[in-house]
There are 2 protein chains.
Amino acid sequence: MAQRNILQFIILGLVTDQPRTGYELTKAFDNDIGEFWSAQHSQIYPQLKTLEAKGWLTHTEEITGEKLNRKRYAATKSGKAALNDWLTAASEPVSGAKDEFVLKLYFIHDQTDARLKPMLTTQLIWHEQRRDHLRKQLATKFPNGADALDFGHFLILEHALHREEEYCQWLQAALAQLPGGMTN
Amino acid sequence: MAQRNILQFIILGLVTDQPRTGYELTKAFDNDIGEFWSAQHSQIYPQLKTLEAKGWLTHTEEITGEKLNRKRYAATKSGKAALNDWLTAASEPVSGAKDEFVLKLYFIHDQTDARLKPMLTTQLIWHEQRRDHLRKQLATKFPNGADALDFGHFLILEHALHREEEYCQWLQAALAQLPGGMTN
DNA sequence: TGTGGCATGTAACTAGTTACATGATTGC
DNA sequence: GCAATCATGTAACTAGTTACATGCCACA
């Protein structure tokens with residue numbers, strides 16, 4: 001995690017698509033891209049300053065009402081070049097996607113352990129909700145399947161959904177293997 | 001990432017299964033649990049000291065040959081209690097499993113973008129290797145399917161494999177949707 | 001007039017990575 | 001004698017989280 005600073009390229013990518021404020025960038029992590037990266041505003045605002053100092057971003061001030069002003073950031077030419085460099089560089093495939101719950105399971109050795117059923121059930125409920133939510137998102141945003149002009153977005157939403165589907169199937173299969181099987 | 005300190009519980013779990021040295025703990029992250037968590041020895045050795053200071057671990061010294069000695073750590077009673085507390089506590093399901101490659105895709109809007117094919121192909125090769133490796137692992141470690149006495153381990157290996165299978169299928173489907181489809 | 005959302009920032013801290021550093025053992 | 005692996009540690013740094021802090025705007 002140290003050192004790569006991937007966040008800066010995500011910000012660069014987002015403001016290249018359309019100029020945004022820090023607040024809007026923060027919100028972006030609540031939506032689709034939040035499936036694959038997260039960041040708080042306390043990390044985003046300082047990063048915007050750093051990127052502007054690097055000359056990769058510029059901002060213009062906007063005023064709403066009497067006083068409220070926000071800074072809308074856009075990528076400079078060199079910022080766009082940096083984004084392109086990142087996109088075309090080889091990405092080491094992610095190896096250790098961290099998952100606390102799965103680790104817990106690893107330490108439960110006995111198939112008859114009473115803790116298994118509630119643990120698996122709780123996770124299943126959560127991931128089913130997430131799966132259903134993603135299904136709706138996909139149906140809403142891409143009602144006709146792949147969009148040739150927003151293809152990457154379509155792909156990652158599909159991937160997020162399939163990932164949740166796999167998670168649910170795995171948990172269901174695990175529950176079915178518990179003593180008593182699907183009947184308890 | 002700040003604050004939860006999940007690593008301490010993983011160490012606690014590993015040494016509870018069997019007493020281990022710092023070196024052995026480091027190696028453990030190269031195997032199955034590395035699919036869901038990673039840690040370097042520079043993080044593990046200080047953590048072992050902290051856990052011993054907390055009274056959750058104790059160590060005994062072993063000597064190999066003339067001088068080389070290693071510290072073998074075991075969980076104390078309170079360490080085992082802390083492990084159990086962690087295992088039984090509700091785990092917030094993981095939300096943002098970070099994946100740099102997927103984020104890059106998000107910023108490629110045009111289905112005809114020439115960068116797509118090499119990007120997807122490179123990833124596919126990597127994940128196919130990982131998938132094949134996991135298949136072999138599963139077949140070697142659990143030739144008869146689920147093991148009632150190492151059930152958690154079996155479950156997480158299965159999950160790791162299914163996850164890679166999903167990843168490969170998704171990448172293959174993405175490649176097939178590229179202009180020219182499966183023929184180029 | 002008050003609540004929820006818009007908007008921006010800083011401070012203090014923890015987790016995790018990379019690099020530095022040293023030495024012993026095993027086997028060829 | 002040399003290389004690979006076993007074995008343990010520290011230092012310097014970056015990334016990311018949580019909490020603190022402030023103020024405006026729209027709407028009911």
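Values below: every heavy atom of this structure, side chains too, minus hydrogens, waters and symmetry copies. Protein chains get the first letters and strands the later ones, always in sequence-line order, with residue 1 at the start of each. Not measured: the values here are computed from a predicted model.
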Please determine whether a side-chain nitrogen of the Lys or Arg among [X] and [Y] lies less than 4.0 Å from a carboxylate oxygen of the Asp or Glu.
{"X": "E24(B)", "Y": "R72(B)", "value": "yes"}
{"X": "R4(B)", "Y": "E100(A)", "value": "yes"}
{"X": "D32(A)", "Y": "K141(A)", "value": "yes"}

Atom [atom1] of [X] and atom [atom2] of [N]: how far apart are they, to the nearest Å?
{"X": "Q8(A)", "N": "dA15(D)", "atom1": "CD", "atom2": "P", "answer": "8 Å"}
{"X": "N69(B)", "N": "dC6(D)", "atom1": "CG", "atom2": "C1'", "answer": "12 Å"}
{"X": "E62(B)", "N": "dA24(C)", "atom1": "CD", "atom2": "P", "answer": "18 Å"}
{"X": "I63(A)", "N": "dC24(D)", "atom1": "CD1", "atom2": "P", "answer": "13 Å"}
{"X": "L25(A)", "N": "dT8(C)", "atom1": "CG", "atom2": "P", "answer": "9 Å"}

Closest-nucleotide 5' rank along DNA chain D - winner of A39(A) and T64(A): A39(A)

Out of [options], which nucleotide sits closest to the side chain of [X]?
{"X": "Q43(B)", "options": "dG9(D), dG16(C), dT17(D)", "answer": "dG16(C)"}
{"X": "K27(A)", "options": "dC6(C), dC6(D), dT18(C)", "answer": "dC6(C)"}
{"X": "Y45(B)", "options": "dT17(D), dT8(D), dT10(C)", "answer": "dT8(D)"}
{"X": "K67(A)", "options": "dC6(C), dC25(D), dG9(D)", "answer": "dC25(D)"}
{"X": "Y23(B)", "options": "dT17(D), dC6(D), dA15(C)", "answer": "dC6(D)"}

Presence of donor-acceptor pair under 3.5 Å, side chain of S42(A) and base of dT18(D): yes

Does [X] make a side-chain N or O approach to OP1 or OP2 of [N] shorter than 4.0 Å?
{"X": "K49(A)", "N": "dT10(C)", "value": "yes"}
{"X": "K71(B)", "N": "dG9(D)", "value": "yes"}
{"X": "S38(B)", "N": "dT17(C)", "value": "yes"}
{"X": "K98(A)", "N": "dG16(C)", "value": "yes"}

Stepwise side-chain contact (heavy atoms from CB on, under 4.5 Å) check, Y106(B) with L14(A): CA-CA 10 Å; Y106(B) 180 74; L14(A) 288 168; 4.1 Å; yes

Stepwise ring pair (Phe, Tyr, Trp, His ring centres under 6.0 Å) check, Y167(A) with H162(B): CA-CA 9 Å; Y167(A) 215 116; H162(B) 293 161; over 10 Å; no

